[in-house]
Amino acid sequence: MNFEGLNPSLAEFAPPLHPALEPVLDPHLNPNLVELDPEGVSLEGLPVPESVHLMEGMYSELHTAVSEVGVPVSVSHFDLHEEMLWVGNHGGHATSFFGPTLERYSSFQVNSSDDIRQIQSLENGVLFLTKTNLKYLSRGGLIIFDYLMDESEDMHSLLLTDNNTLLVAGLHNHVLEIDLGTVQETQKYTVEVPGITIMRQSNRFFFCGHTSGKVSLRDLRTFAVEHEFDAHSGSLSDFDVHGNLLVTCGFSSRMNGLACDRFLKVYDLRMMRATTPLQVHIDPFFLRFIPTYTSRLAIISQTGQCQFCEPTGLANPADIFHVNTVGPLIMTFDVSASKQALAFGDSEGCVHLWADSPEVTFNAYSRETDFALPCMVDTLPHLDWNQDLVPLSLIPVPLTSDALLSDWPAANSAPAPRRAPPVDPEILRTMKKVGFIGYAPNPRTKLRNQIPYRLKEMDNEFDTFSQVPESPIGREEEPHLYRVAKKYRKVVALGAPHSQLRCLVQNHLCQKEFCLGCELGLLFHMLDLSRGDPCQGSNFLRAFRTIPEASALGLILADSDEATGKVNLGRLIQSWNRFILTQLHQETQEQEGPQAYRGAGSSSFGSSGDSVIGQLFSCEMENCSMCRCGKETVRVSSTLLFTLSYPDSTEKPAKDYEFAQILKRSICLEQNTQAWCENCEKYQPTVQTRNIRCLPDVLVINCEVNSSKEADFWKTQAEYSFQKAMMKRGGFDITKGKEITLGEWKDLGNPDTGHSYASVEELKNIWIPHAIKMRLTKSKELDVSNWSESDELSPMDDPESVYIYDLMATVVHILDSRTGGSLVGHIKVGETYHQRKEGVTHQQWYLFNDFLIEPVDKCEAVQFDMSWKVPAILYYARRNLNANGGGAVKNPIEASVLLAEASLARKQRKCHATFIPLMLNEMPQAGDLVGLDAEFVTLNEVGGPWGHPLPWVQHSRVPEETAQSLRGRGAAARGALLAAGDRRNPDPGAGTAGRG
């Protein structure tokens with residue numbers, strides 16, 4: 001920037017800067033404008049009065065901040081990567097402000113004697129150019145590199161040509177090219193006309209502005225002069241390039257002095273000649289193109305006048321604005337990359353931010369800014385010195401180079417690592433080796449996956465937290481509450497009390513080795529037989545881990561991920577809920593042919609085959625896409641669950657919504673998106689609407705509360721619901737559909753004054769209803785409304801088309817910032833389950849918290865205090881669903897399996913069977929003894945001909961004599977059965993019981 005044409009009165013600021021760098025208040029400045037701290041430095045900005053109204057599309061002042069009182073601002077720069085504004089002054093000090101409110105982010109000294117000439121932001125830091133120095137610092141002020149130049153240099157401008165190359169020029173006859181990677185000078189270009197103060201770049205040329213008033217166009221590769229414009233006779237003040245236009249402003253030589261030229265020189269870069277100059281009504285000192293809707297020019301005078309005009313039109317005096325500067329002169333001007341914000345720096349150290357809207361952004365895609373973390377020293381946990389396992393590393397110790405007290409010399413110390421405990425002799429005695437791997441049954445002398453270390457021989461008490469078993473066997477009568485690692489057991493437990501789902505899954509049977517439907521049916525079967533004993537879901541989890549989609553979706557967690565608390569359990573359980581329903585639908589889907597398994601022929605959701613899961617959860621949807629050309633595309637699909645979609649409203653105060661309104665909005669979703677149009681043959685903005693064709697028996701809802709915005713929405717709606725409930729209790733009538741703001745509720749006062757209700761706490765934090773009413777009209781439109789116990793169907797409602805859904809279960813995320821929280825479930829167990837298990841007709845809500853299962857009140861299932869209890873999944877079931885049949889469990893294993901002659905020995909040895917298969921008249925009857933040899937062998941790769949291994953997969957299989965059914969009855973058959981068991985299986989604990 002050339003300062004030869006500046007007002008000579010600017011020299012008044014220089015003398016106070018030489019004695020010291022401490023900022024002082026200029027005596028010419030009105031002290032009432034800024035409020036100073038005791039040291040004389042303004043710490044707070046100067047906000048614009050609240051009465052200022054920003055008109056959309058018109059630039060006006062948004063905020064003002066003080067960089068350093070009394071020290072003129074020399075350069076300003078909008079950060080290209082973050083929402084920050086950088087300011088440098090004549091004292092060599094740099095300050096950054098964050099966001100449109102100009103909050104001070106960082107402030108540090110760049111140079112102790114020279115002013116900052118130019119600032120350029122990079123990805124990892126910021127470049128600062130002074131007279132003889134190029135310094136690269138982080139945004140917090142840490143030095144990355146400091147490049148010193150010759151003392152005779154006088155640098156004024158820099159230009160970043162690519163990510164690692166920089167051009168630096170000044171008042172001399174050469175331009176330096178510096179490599180930012182190696183911080184070395186790579187080229188030194190000689191220029192014919194010295195004094196380059198401004199540099200710009202386009203896709204064709206480098207543009208260099210000289211103090212003599214010329215603008216030279218140079219080649220991008222060789223830096224050779226391609227063309228030159230003699231713009232002004234005195235000196236060049238500023239210029240800018242956009243498209244094919246070059247516009248300059250400067251000074252003309254008149255009467256042995258410099259006078260500001262009120263004509264802007266405009267050049268056409270296509271023809272390389274000057275066009276008609278543009279006359280303006282102010283003295284131009286800065287100019288920038290602001291290409292938003294048109295190629296507007298922003299022209300700034302040194303006294304603070306601002307004018308916008310087109311480069312090829314006439315300037316209108318009505319388009320002149322004035323910057324309310326604290327100092328007399330404008331010293332710097334910059335435009336943000338988004339063209340939404342303008343920055344002005346004045347001679348008194350203030351920076352002014354102008355914007356065209358209140359919600360201004362400096363860049364189109366800014367990354368998040370790192371802020372300093374708060375001090376955590378005051379929040380350290382209390383250390384209990386009575387515990388032997390407290391790590392001393394929790395005590396903060398300053399870094400020191402001196403020898404520590406614990407750093408003993410090697411001669412006085414000996415390493416004492418923790419020795420591994422010896423292996424139990426019972427394990428070594430019963431171990432069987434296959435290759436280099438040993439297998440042994442668990443002797444049950446230690447807790448599962450736990451090996452306690454005793455630090456003291458006489459101390460029988462050690463860390464009780466590591467002794468929490470996986471199952472409550474052997475615990476006390478009242479177990480303590482501990483968080484268990486498996487997060488999905490709550491959702492699995494939702495299906496056990498549901499009669500329809502339990503019976504349909506237990507009736508499923510296929511030949512797949514790993515089938516979630518079969519394993520879930522076995523789990524429900526074992527829960528029926530357990531009578532309160534715990535049932536391990538190991539087989540179900542093993543089958544779950546074999547599904548590649550589960551791993552790809554991130555549903556399989558390592559123990560380290562769960563222990564660190566970095567997993568968002570609320571989002572994880574909703575993804576798992578969607579996946580498990582889709583997977584069970586695919587595995588239980590009925591298709592033609594015997595190979596209805598994913599291993600033989602995969603089937604995607606939405607195919608023609610039905611499934612037991614689809615019978616309960618599936619809902620047919622009609623998706624319509626309307627292009628703006630008028631073409632409408634309709635396709636039919638099915639879904640197993642719905643995700644809540646919340647209104648994107650910024651209204652203050654927030655609007656009152658019923659849960660039924662949000663549910664209808666989520667089911668019949670309408671959104672605008674880009675989609676391919678076959679008629680237009682390109683991507684076009686389309687309006688996509690979704691309508692429902694039929695209602696499901698079980699309505700599954702993912703709440704999708706994944707941010708503070710959704711949590712605030714739930715909290716606000718719960719406050720509205722609480723106020724309505726209290727008004728109803730106080731005798732006030734609330735008109736349905738009437739919008740009442742939160743402020744109006746407060747004006748009404750407390751409606752229950754003078755009354756005492758014992759259940760007022762039960763009304764807090766409740767938004768979702770216990771029942772909802774859904775029906776499809778004759779025009780196939782969905783009608784959803786909240787349903788209470790006192791409501792009745794109107795005579796106009798058809799009982800066949802109206803569904804009443806009762807809340808059956810909720811899954812919530814219990815927040816904990818240290819461990820990531822945990823998941824709990826609330827399940828409503830109906831009369832069918834209680835009648836079958838306990839012989840009573842009763843309905844009760846239960847809390848499932850790992851191994852803790854206890855009855856709770858129904859209000860607890862719908863109360864969500866968003867500060868610690870966040871809803872994740874909701875299950876609504878159609879009323880009287882279990883009364884419509886489907887409650888009988890049919891054994892899917894038929895008696896024909898005993899007639900088969902399958903044998904592994906016959907397939908490999910090509911020999912005849914040594915047993916006689918059962919006949920139809922010999923099928924086992926009630927009271928017959930049936931022996932099942934459940935001993936399994938392991939198949940490994942064995943040596944084949946010519947040294948090639950046989951391709952046998954390592955799996956457990958039944959040996960050649962699979963099962964024995966003894967013909968005959970009575971004591972002889974019983975004795976033969978025992979003898980066969982002793983001969984085949986000498987280990988009495990090797991048999992297993994299966995589902996039959």
Side-chain angles (χ1 to χ4, degrees), residues 434-435 437 439 486 488-489 492 495 502 504-527 535-553 555-556 576 579-605 607 609 611-613 890-908 932-942 949-963 990-996:
V434 178
I437 301 177
Y439 300 90
K486 295 180 174 58
Y488 304 138
R489 59 165 54 95
V492 173
R502 179 184 59 83
L504 290 175
V505 173
Q506 284 189 254
N507 291 337
H508 167 73
L509 180 66
C510 67
Q511 297 180 2
K512 275 187 58 178
E513 183 175 2
F514 299 108
C515 174
L516 292 184
C518 295
E519 299 297 346
L520 192 60
L522 175 61
L523 196 56
F524 289 165
H525 176 74
M526 297 306 296
L527 286 173
C535 296
Q536 297 293 339
S538 303
N539 292 342
F540 178 82
L541 294 177
R542 181 185 62 177
F544 176 72
R545 294 189 187 99
T546 60
I547 302 175
E549 292 86 349
S551 178
L553 293 173
L555 303 178
I556 301 177
W576 190 85
F579 167 78
I580 201 68
L581 289 178
T582 306
Q583 186 69 23
L584 289 175
H585 169 78
Q586 294 177 355
E587 292 181 347
T588 60
Q589 202 167 25
E590 298 177 0
Q591 294 181 342
E592 296 182 2
Q595 294 182 343
Y597 318 116
R598 191 166 63 91
S602 62
S603 62
S604 61
F605 177 58
S607 59
S611 70
V612 296
I613 299 298
K890 301 177 182 179
N891 189 359
I893 303 178
E894 300 178 353
S896 59
V897 298
L898 299 177
L899 305 178
E901 299 183 16
S903 175
L904 292 176
R906 294 187 58 185
K907 293 182 179 180
Q908 299 173 15
L932 176 65
D933 187 355
E935 179 187 0
F936 287 83
V937 297
T938 302
L939 305 182
N940 298 313
E941 291 184 353
V942 298
L950 295 177
W952 288 7
V953 184
Q954 184 170 355
H955 280 300
S956 296
R957 291 286 186 259
V958 186
E960 71 178 75
E961 294 184 61
T962 305
T992 60
R995 165 184 161 200

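Every heavy atom of this structure was used, including side-chain atoms; hydrogens, water molecules and symmetry mates were not. What you are looking at is a predicted structure, and each value in this text was computed from that prediction instead of being measured.
Annotation: the span from I613 atom CD1 to T588 atom OG1 amounts to 5.0 Å, rounded to 0.5 Å. With rounding to the nearest 0.5 Å, the separation of OG1 in T546 from CD in E513 is 8.5 Å. Atom CD of E519 sits about 12.0 Å away from atom CE of M526, to the nearest 0.5 Å. Interatomic distance, CD of Q583 versus CG of L555, reported as 10.5 Å (0.5 Å rounding). Residue R545 holds its CZ atom at 11.0 Å from CZ of F540, rounded to the nearest 0.5 Å.
Closest non-hydrogen pair, E587 versus G517, comes out as OE1-N, 3.2 Å. What you find for L523 and G537 is that their closest heavy atoms are CD1-CA, 4.2 Å. Between N539 and L522, the shortest heavy-atom distance links the atoms ND2-CD2, 4.3 Å. Nearest heavy-atom pair, R542 versus F514, reported as atom, atom and distance to 0.1 Å: NE-CE2, 3.8 Å.
In this structure, the side chains of H508 and C515 come closer than 4.5 Å at one or more pairs of heavy atoms. Looking only at side-chain heavy atoms (C-beta outward), F544 and I556 come within less than 4.5 Å of each other. Side-chain contact between I547 and L516 is present, with heavy atoms from C-beta onward closer than 4.5 Å.
Judged by distance alone, with hydrogens and angles left aside, the side-chain atoms of S551 form no donor-acceptor pair with the main-chain N or O of P548 at under 3.5 Å.
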